[in-house]
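Counting from 1, the numbers follow the sequence of the chain as shown. The basis for the numbers below is simple: all heavy atoms, side chains too, and nothing from hydrogens, waters or symmetry mates. Read the numbers this way: they start at 1 and go in the same order the structure lists the ligands and their atoms.
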Amino acid sequence: MDYQKIIDGLHQKHSKEINKGKVASYIPELKKIDSNKFGINLFTLSNQSFGAGDYQEKFSIQSISKVFALTLALKEMGEKIWKRVGIEPSGDPFNSLVQLEFEKGIPRNPFINSGALVICDMLISKLKSPKTEFLTFVRKLVNTKDIYFNEKIVASEKKHGFKNAAHVNLMKSFGNIKNEIDVVLDFYYHMCSMEMTCEELSKSFLLFANDGIIPYNNERIVSLRVSKRINSSMQLCGLYDEAGQFAFKVGLPGKSGVGGGIVAIHPDLYCITTWSPKLNKKGNSYLGFKALEAFTTITEASIF
Ligand code: GLN
């Protein structure tokens, strides 16, 4: 399979649609991005990297970071985390509050905002210096020191994150947040602000294509069983109320963020990441979704 040719072709073809969608504006700092950026990278388990466009440029990974948080939580605390967060698709937008009250402060899954906030709360209780340890963890997955939080984005989210504050407060009232609200939000905004390239993201997700083992150093991060669970969580909930369409049209587990990134995993083969900041109505990258759909169609790749 000539991945480079396929990716170049997709980049060229889909660049024509670069005007479709809208950059996330509810976090003002995210709006400053050049909305014409478009990158694609595929990284294989045999350590080959294929890229097109802006695939080596850093961007805000936003909710893609929720996968790292879930993985770290499962590594540190095991499956008892599922007592405080569920594993069903929400069918609602990522920041919706409606289910949370009648489900008594237990979020539907770890990838909607409320679920990720609970995971952050658990990590704060468990780790000595959560932000540093989170950064160190992601840097290890990529084998680089060159990954940082963006403090401007953190400040912007703090200033405008009324809904996230509502989520934490509501969950605290049900006893499902143990730490101080501001501490939980601070950690959550830091992990969302993390900046990575498409290539770094593909590389960082390879352990999920490799049964829980980092391929470059053979370090096991989670068991085979847990790795499968993380992939199935992504398949069911990774694109929120568009997860069904993503399974239907792309056919791989994946995770998106409002910075415009989407990572998808083909178990035993590769990870593929797209970045284009303009989002569709569900808050997922318009072009990224289209390019991934075309990629799995051309390569006939799917886990189904
Ligand atoms: N930081 C963003 C928020 O809390 C993450 C949302 C996303 O990427 N879907 O709203």
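In terms of protein heavy atoms, atom 7 (C) of ligand 1 is closest to Ser63 OG, 2.5 Å. Here the protein heavy atom with the shortest distance to atom 10 (O) of ligand 1 is Tyr26 OH, 2.6 Å. Remark: minimum distance from atom 1 (N) of ligand 1 to any protein heavy atom is reached at Gln62 OE1, 2.6 Å.
Between Glu157 and ligand 1, at least one N/O pair is under 3.5 Å apart. Considering backbone and side-chain atoms together, Ser256 places no N or O closer than 3.5 Å to any N or O of ligand 1. Residue Phe94 places no N or O, backbone or side chain, under 3.5 Å from any N or O of ligand 1. Between Tyr189 and ligand 1, no pair of N/O atoms sits closer than 3.5 Å.
Annotation for ligand 1: atoms under 4.0 Å from non-hydrogen atoms of Asn164 are 3 (C), 4 (O), 10 (O). Set against the non-hydrogen atoms of Tyr240, the atoms of ligand 1 under 4.0 Å away are 7 (C), 9 (N). When each atom of ligand 1 is checked for a heavy atom of Gly257 under 4.0 Å away, the hits are 8 (O). In the vicinity of Cys192, heavy-atom distances shorter than 4.0 Å reach the ligand 1 atoms 1 (N).
Between the side chains of Ser202 and Thr273, at least one donor N or O lies within less than 3.5 Å of an accepting N or O. Looking only at atom types and distance, the side chain of Gln4 has a donor-acceptor partner in the side chain of Asp8 under 3.5 Å away. Using modelled atom types, one finds a donor on one side chain and an acceptor on the other under 3.5 Å when comparing Gln62 with Ser60.
Aromatic ring centres of Phe246 and Phe289 lie closer together than 6.0 Å.
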Let me see the working for Glu29 and Asn150 under side-chain hydrogen bond (donor to acceptor under 3.5 Å, both in side chains), right down to the final yes or no. CA-CA 10 Å; Glu29 197 60 32; Asn150 180 329; 5.8 Å; no
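Here the straight-line distance linking atom CG of Leu30 with atom OG of Ser35 works out to 12.5 Å at 0.5 Å rounding.
Nearest approach of Ser63 to Asn113, heavy atoms of both residues: OG-OD1, 4.4 Å. The two residues Ile147 and Leu135 come nearest to each other via the heavy atoms O-CD1, 3.5 Å.
Counting heavy atoms under 4.0 Å from ligand 1, residue Ile64 does not touch it at all.
Under the 30°/60° scheme for interplanar angles, the aromatic rings of Phe205 and Phe208 are found to stand perpendicular.
Contact analysis leaves Asn95 out of contact with ligand 1, as no non-hydrogen atom separation drops below 4.0 angstrom.
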